[in-house]
Amino acid sequence: MPSLYTILVYSENIAGVLNQITAVFTRRQVNIESLNVCASSTPGVHKYTITCYCTEEMVMMLKKQIEKRIDVLQARYYRDEDIFMLESSLLKISTSTMLKNQEVCRILRHHGARIVEVNPTYTAVEKTGTTEDILGLFEDLNQMGAVRQFARSGRICITRDTREQLDEYLEEREKGRDKESK
Amino acid sequence: MEQQITGSEALMRSLSAEGVKTIFGYPGGSIMPVYDALYDYTRGEKKAFDHILVRHEQGATHAAEGYARVSGEVGVCIVTSGPGATNTLTGVADAMLDSTPIVVIAGQVPISALGTDFFQEVDLVGVAQPICKWSYQIRHAEDIAWAVSRAFYIARSGRPGPVVLDFPKNAQTELVDYQPQKVDFVRSYQPYPKLDLTAIQEAADLINNAIKPLALVGQGVELGNAQEELLTFLEKADIPAGRTMLGLSALPSTHPLNVGMLGMHGNYAVNLKEQECDVLIAIGMRFSDRVTGSLKTYAKQAKVIHLDIDMSEINKNVKADIPIVGDCKESLPAITALLKKGDHGEWRDSFKPLDEKERAKVIEPAIHPTAGPLLMGEVVNAVAEATQGDAVLVTDVGQNQLFATRYFRYPKHRSICTSGGLGTMGFGMPAAIGATFGAPGRTVVCFMGDGGFQMCIEELGTIMEHQAPVKMILMNNNYLGNVRQWQDMFWHKRKSFTRMMNPCYELIAQGYGIPYAAVTDRKDLAAAVGKMLATKGPYILECAILEDDDVLPMTPPGQSINDMMLELKK
């Protein structure tokens with residue numbers, strides 16, 4: 001049965017790695033649901049947070065194929081219960097609609113959204129949460145006809161592991177530095 | 001203080017430091033500075049390399065593959081940007097699928113011109129990435145020492161494969177304080193995974209208790225130089241072993257434990273016994289679809305032990321009960337140490353009636369026919385007998401390949417060079433050229449059909465110029481025979497564009513000044529083969545082959561391997 005997996009990939013900061021990672025998905029015709037790429041807490045290491053719907057068999061295959069790329073340090077996959085995750089979103093809503101319809105403000109309060117700027121034409125709103133939280137806010141506002149723009153980020157997450165697998169990997173690799181050449 | 005040198009000179013020094021002796025290449029605009037440096041490095045005092053001028057860049061890659069396969073060294077190509085670079089891609093993909101270590105160095109437009117659709121610009125790193133082990137753009141001369149060493153390290157270590165270096169012209173001419181570098185560690189890349197000793201113990205227990213164990217030997221054994229370790233392992237536990245097409249010479253074909261070739265056109269007994277064994281030990285092979293047939297029914301009764309250096313091969317096609325990830329040069333002895341002396345005489349004997357059946361129904365009629373036109377099997381057999389097992393077998397792709405791999409003999413390691421995974425027609429002739437440079441002391445025979453012969457026919461020019469001693473056996477049936485066979489079997493005998501008009505190959509041979517003979521009558525075959533082998537240098541022996549000769553036995557595509565057929569209903 002396909003379910004949603006989050007794949008965390010760490011790579012060296014070398015041009016073209018993202019291409020190589022997405023090519024693994026293309027080859028197996030698995031759609032990437034969301035993708036977030038940024039520098040990790042380890043200097044020189046990039047972190048990719050990728051979500052996709054597929055079977056566990058497939059996600060295992062994807063993980064191994066990604067890890068096979070030379071400049072990829074580590075790839076791991078998780079179910080939602082194994083991670084703390086967040087997405088963030090920005091909405092631009094019509095200030096006049098907001099002023100005319102008190103329901104708009106009620107929705108904002110109900111969803112715990114934060115207003116970041118108000119001017120006579122529009123109001124910028126920020127909401128962080130799960131996909132459901134964000135889409136809930138969007139749909140409620142959209143029904144009011146209040147949304148002029150909507151932007152949503154890919155998922156970011158940290159794992160519930162008690163061990164930091166990347167750090168362990170890097171330590172292990174440094175120890176093996178002298179033994180590898182044949 | 002080190003004197004400043006150009007990037008091109010730095011490339012020469014880096015290649016020399018990696019032990020490169022032979023380069024297959026073709027010059028062009030964006031690689032001219034490198035070729036200028038190569039001028040000095042291929043003659044006189046500075047001579048470090050032989051440069052083999054091919055006639056097409058695809059030929060350069062296949063030649064590099066042939067060189068690598070027989071020598072175990074990294075094959076090297078130098079080509080220009082744009083079309084020169086894209087022409088190498090077939091060879092790169094071929095080397096990726098067959099785990100062949102090659103390094104392709106391609107010129108590129110200067111980095112200031114990148115992305116402007118400059119003359120002969122192509123995004124080589126972008127297009128090569130999905131089909132190679134590693135690709136990298138050397139943007140400045142100071143990166144050369146590091147990138148070249150890293151390229152060779154990645155190409156040859158772990159599961160070998162092709163590496164593509166994109167070398168913009170500015171980096172070729174920039175001056176650099178050259179410092180040699182030796183990359184033998186890449187932290188994101190573990191070429192030799194650590195053995196899991198628990199799995200080793202479990203594997204040994206399973207093998208010790210097996211009644212019908214069967215080993216499947218792949219090219220990984222040759223790539224890992226574990227041929228001796230394999231023998232000790234098989235002999236101690238008395239395990240019969242089949243070989244994949246690329247693994248044919250990993251276990252001498254004369255060895256009593258060898259039970260033949262696996263796969264669609266492999267041997268009958270071993271294919272049936274894969275469906276009967278209780279423990280299947282796959283060693284350095286990847287369960288290609290040509291080996292397994294339908295995965296739904298493949299070896300379901302067996303416990304599977306899979307030894308591979310590449311983690312991503314585990315559970316890819318066939319689920320492994322005991323995966324052993326690592327170098328088989330280490331894992332095989334580790335298992336052997338825990339094995340009890342085995343005796344599976346009864347199990348091994350059970351292969352014999354099936355072998356006899358195949359011999360009577362398929363092999364004898366194929367290699368010793370008495371009437372009708374020449375058959376591919378008898379031609380291969382005649383060459384195998386005449387070369388006494390010392391030769392390197394190179395094949396093209398198609399029926400010529402299937403007959404040649406079936407009926408050749410492999411007493412020596414690294415004796416088979418064929419395009420297995422990608423199935424690249426046109427591979428044979430250039431790969432054979434490479435093999436003559438990679439194994440200069442050995443006879444190199446190359447079987448080709450009339451289709452594949454013409455697909456890289458331009459390399460006859462390379463053979464002529466370098467007098468590369470390739471013994472070319474052109475098995476001409478005026479058909480693209482393998483596709484014709486499938487059309488006959490599965491497409492209602494509609495021979496859609498498989499019949500081919502051929503040129504006069506004798507005139508072509510004459511044009512290139514290559515000795516040529518033709519055989520049409522089987523009584524002349526042995527003498528013609530003898531003459532070919534006795535003639536110094538290259539040779540073309542054209543054999544007029546029965547037009548509708550079929551390769552047997554055969555497992556129809558997508559079917560279970562135990563559905564292997566010994567004869568076709570015509």
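Only this structure's heavy atoms are used, side chains among them; waters, hydrogens and symmetry mates stay out. In what follows, every chain begins at residue 1, and chains take the letters A, B, ... in the order their sequences are listed.
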**Complete:** Okay, R156(B) and chain A: the region with an atom under 4.5 Å from a heavy atom over there is neither

**Prompt:** So, for R173(A) and V186(B), which heavy atoms are closest and what is the spacing to 0.1 Å?
**Reply:** NH2-O, 3.1 Å

**Message:** So if I take each residue of residues 18-42 of chain A and look for any heavy atom under 4.5 Å from a heavy atom in chain B, which residues do I end up with?
**Reply:** N19(A), Q20(A), R28(A)

**Prompt:** If you measure from CD on E172(A) to NZ on K194(B), what distance do you get to the nearest 0.5 Å?
**Reply:** 4.5 Å

**Item:** Winner by heavy-atom pair count (cut-off under 4.5 Å) against chain B, out of V72(A), L73(A), I14(A), I70(A)
**Value:** I70(A)

**Asked** Checking K182(B) against chain A: side chain, backbone, both or neither under 4.5 Å from a heavy atom?
**Response** neither

**Request:** Under 4.5 Å, heavy atom to heavy atom: which of residues 315-325 of chain B reach chain A? Give them by number, or say none.
**Result:** N315(B), K316(B)

**Item:** Over all atoms of both residues, closest heavy-atom pair of Q129(B) and G16(A)
**Value:** NE2-O, 3.2 Å

**Request:** Count the heavy atoms of every other residue, nucleotide or ligand shown that sit under 6.0 Å from NZ of K63(A), and state whether that count exceeds 12.
**Result:** yes

**Message:** With a 4.5 angstrom heavy-atom cut-off, is it the side chain or the backbone of R150(B) that approaches chain A, or both, or neither?
**Reply:** side chain

**Per-residue contacts, residues 151-170 of chain A versus chain B, heavy atoms under 4.5 Å** = Y169(A), L170(A)

**Complete:** All heavy atoms of K64(A) vs all of M311(B), minimum pair found to be CD-O, 3.4 Å

**Prompt:** Can you find a pair of side-chain heavy atoms, one from R187(B) and one from E174(A), that are under 4.5 Å apart?
**Reply:** yes

**Message:** If you count every heavy atom of other residues, nucleotides or ligands that lies below 6.0 Å from D117(B) atom CG, does the total exceed 12?
**Reply:** no

**Request:** Provide the closest heavy-atom pair for C132(B) versus R69(A) in the form atom of the first, atom of the second, distance.
**Result:** O-NH2, 3.0 Å

**Fill in**
For S312(B) and K68(A) the tightest heavy-atom approach is OG-CD, 3.3 Å

**Request:** Scan residues 141-151 of chain A for pairs that pass side chain to side chain donor-acceptor pair (under 3.5 Å), counting only residues two or more places apart or in two chains.
**Result:** none

